[in-house]
Amino acid sequence: MSNKIQTLGEFIIENQDSFQFSSGELSRLINSIRLAAKVVNHEVNKAGLVDILGAAGDTNIQGEDQQKLDVYANEKFIQTLTKRNIVCGIASEEEDSFISINSQDENHQNKYVVLIDPLDGSSNIDVNVSVGTIFSIYRRVTPVGTPVQLKDFLQKGSEQVAAGYVVYGTSTMLVYTTGHGVNGFTLNPAIGTFYLSHPKMEFPEDGTMYSVNEGNYLDFPLGIKKYIKYCQEEEGDRPYTSRYIGSLVSDFHRNMIKGGIYMYPKGSRNPDGKLRLLYECNPMAFIAEQANGKSSDGYIRTMDVEPTELHQRVPFVCGSKNMVNKVEEFMRKYGE
Ligand code: P6P
C-alpha cells in the first residue's frame, strides 16, 4: 500500500464526484481558497518582521480598528476569488455590503457565493497568537447570469454546500467539509503544498475543556453562569480546564481534536452575542455537525437561524455534543 500522503489537490480530485451539484466549479473554488490561504500565510508568518503591524488607521463596519493584515487578507481572498471567475458574489466581515462579481462574458454561469471572515482573531496579530480565516459557500438562489442579490447571502446555515477554516498557528492548516465529513490538511511551507494530515476529524462526544471569556461572566444569562459553575465543581472529571485563546478558529480546532466547548453568549456589551452568524457561526457549525459535534445559540440549532442581515450577530455555543446538550439543559432550566 502506498504510504504517500495525499495532497489537497489529489484529495479534491479523488472526491470530486461526491460534491453535490458538482461541475468542477466547487473544486476550483476550494483550490482558489487554497491559493489565497498560502499567500496570506506567507504574510502572517512574517508579520513580526515587516512593518505591517498596527492598525491600518481605518475602522471596519464592526467599528473595530482594522489591522493591516486584516486589510491584506481581505484583499487577497477577494482578488483570488474574483480573478478566477469562480463565484458570482462575495460577502466579507471587512466589507460593508456584498460584492457582485459581474460577468466577464455573457454566459457567466457561476452559481456559488462565498462569505468570509478573512482574518478572525486579528487583535492577536500584534502579540503573535494564532489567527484564522473562515469561509462559507452557498449556491445562489437567484437566477444564474443575473447580478447577485442580498437573498443569495441571507440563507440558513443548513443550505451551505461547503465551509472551512484556515488556522495560522504553529503550523498552517486548512480544515473543510463539503457535507461528507471533515478533513484537515497541513501546509508544508517549504514546498507550498497542503497534505492530508487529519482525515475524518471528529469531536469527542464529551470533553473537559471550556472556552469562554469569563471577564464577561456578570453579564451572561443565568443558564450560562450555572453551566460555568457546573464546569468548576469538584465531581467526576470536573473541574474542567478553562482554555480561551481569543481566536475562535484556534479554540474550535483544539476543542475538535481534544474535546471541548466554545461559548460566546450574549451580554450587556453584546446583547446579541459578538460572533457573526453568516461568516463565523454558520461555517463553524457546519464543520462541527459534520464532525459529530453540535452548535446552537443555547436554544436552537445555529444552522436553523433565519438570517435577517449580512453582519447579524448571534449567541454561539459549539463543540462536543454532550457538552452543548448540557448547556442547553441549563438554558432551558434557568434561561436568561
Ligand atoms: P473577546 C475575535 O475577534 C473573535 O471574533 C473570535 O475569534 C474570538 O473568540 C472572540 O472574538 C474574542 O472576543 O470579546 O473575548 O475578546
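Only heavy atoms go into these numbers, but all of them, side chains included; no hydrogens, no water, no symmetry mates. Along the sequence shown, residues carry numbers from 1. We count ligands from 1, going down the list as the structure has it; atoms in each ligand are counted the same way. Nothing here was measured: the structure is a model prediction, and the numbers come from that model.
Residues passing the side chain to side chain donor-acceptor pair (under 3.5 Å) test with Glu235: none are found, sequence neighbours excluded.
Between the side chain of Gln155 and the main chain of Arg139, a donor-acceptor pair closer than 3.5 Å is present.
Counting heavy atoms only, Tyr262 comes closest to atom 9 (O) of ligand 1 of the residues Phe252, Phe316, Tyr264, Tyr262. Of the candidates Arg269, Lys274, Met263, the one placing a heavy atom closest to atom 11 (O) of ligand 1 is Lys274.
When only interatomic distances are considered, the shortest N/O to N/O separation between Leu248 and ligand 1 falls below 3.5 Å. Of the polar atoms of Asn216, none of the N or O atoms is found under 3.5 Å from an N or O of ligand 1, judged by distance alone. On a distance-only criterion, Asp251 and ligand 1 share no N/O pair closer than 3.5 Å. The N/O atoms of Asn213, backbone and side chain alike, include one that comes under 3.5 Å of an N/O atom in ligand 1.
Here is the list of ligand 1 atoms found below 4.0 Å of a heavy atom in Leu275: 5 (O). Near Tyr244, meaning under 4.0 Å from any of its heavy atoms, are these atoms of ligand 1: 1 (P), 9 (O), 10 (C), 12 (C), 13 (O), 15 (O).
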- Query: Checking side chain to side chain donor-acceptor pair (under 3.5 Å) for the pair Asp237/Thr208: CA distance, chi angles, key distance, verdict?
  - Reply: CA-CA 7 Å; Asp237 52 7; Thr208 58; over 6 Å; no

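The distance between the ring centers of Phe252 and Tyr165 falls below 6.0 angstrom.
The side-chain tip of Lys229 points at the ring of Tyr217 from less than 6.0 angstrom away and within 45° of straight on.
Within the structure, side chain to side chain donor-acceptor pair (under 3.5 Å) contacts touching residues 182-192 (residues at least two apart or in different chains) are Thr186-Ser197.
Between Glu280 and ligand 1 there is a heavy-atom distance shorter than 4.0 Å. Ligand 1 is approached by Ser247 to a heavy-atom distance shorter than 4.0 Å.
For the side-chain contact (heavy atoms from CB on, under 4.5 Å) with Tyr112, the lone residue among Leu81, Ile86, Leu29, Asp152 that qualifies is Leu29.
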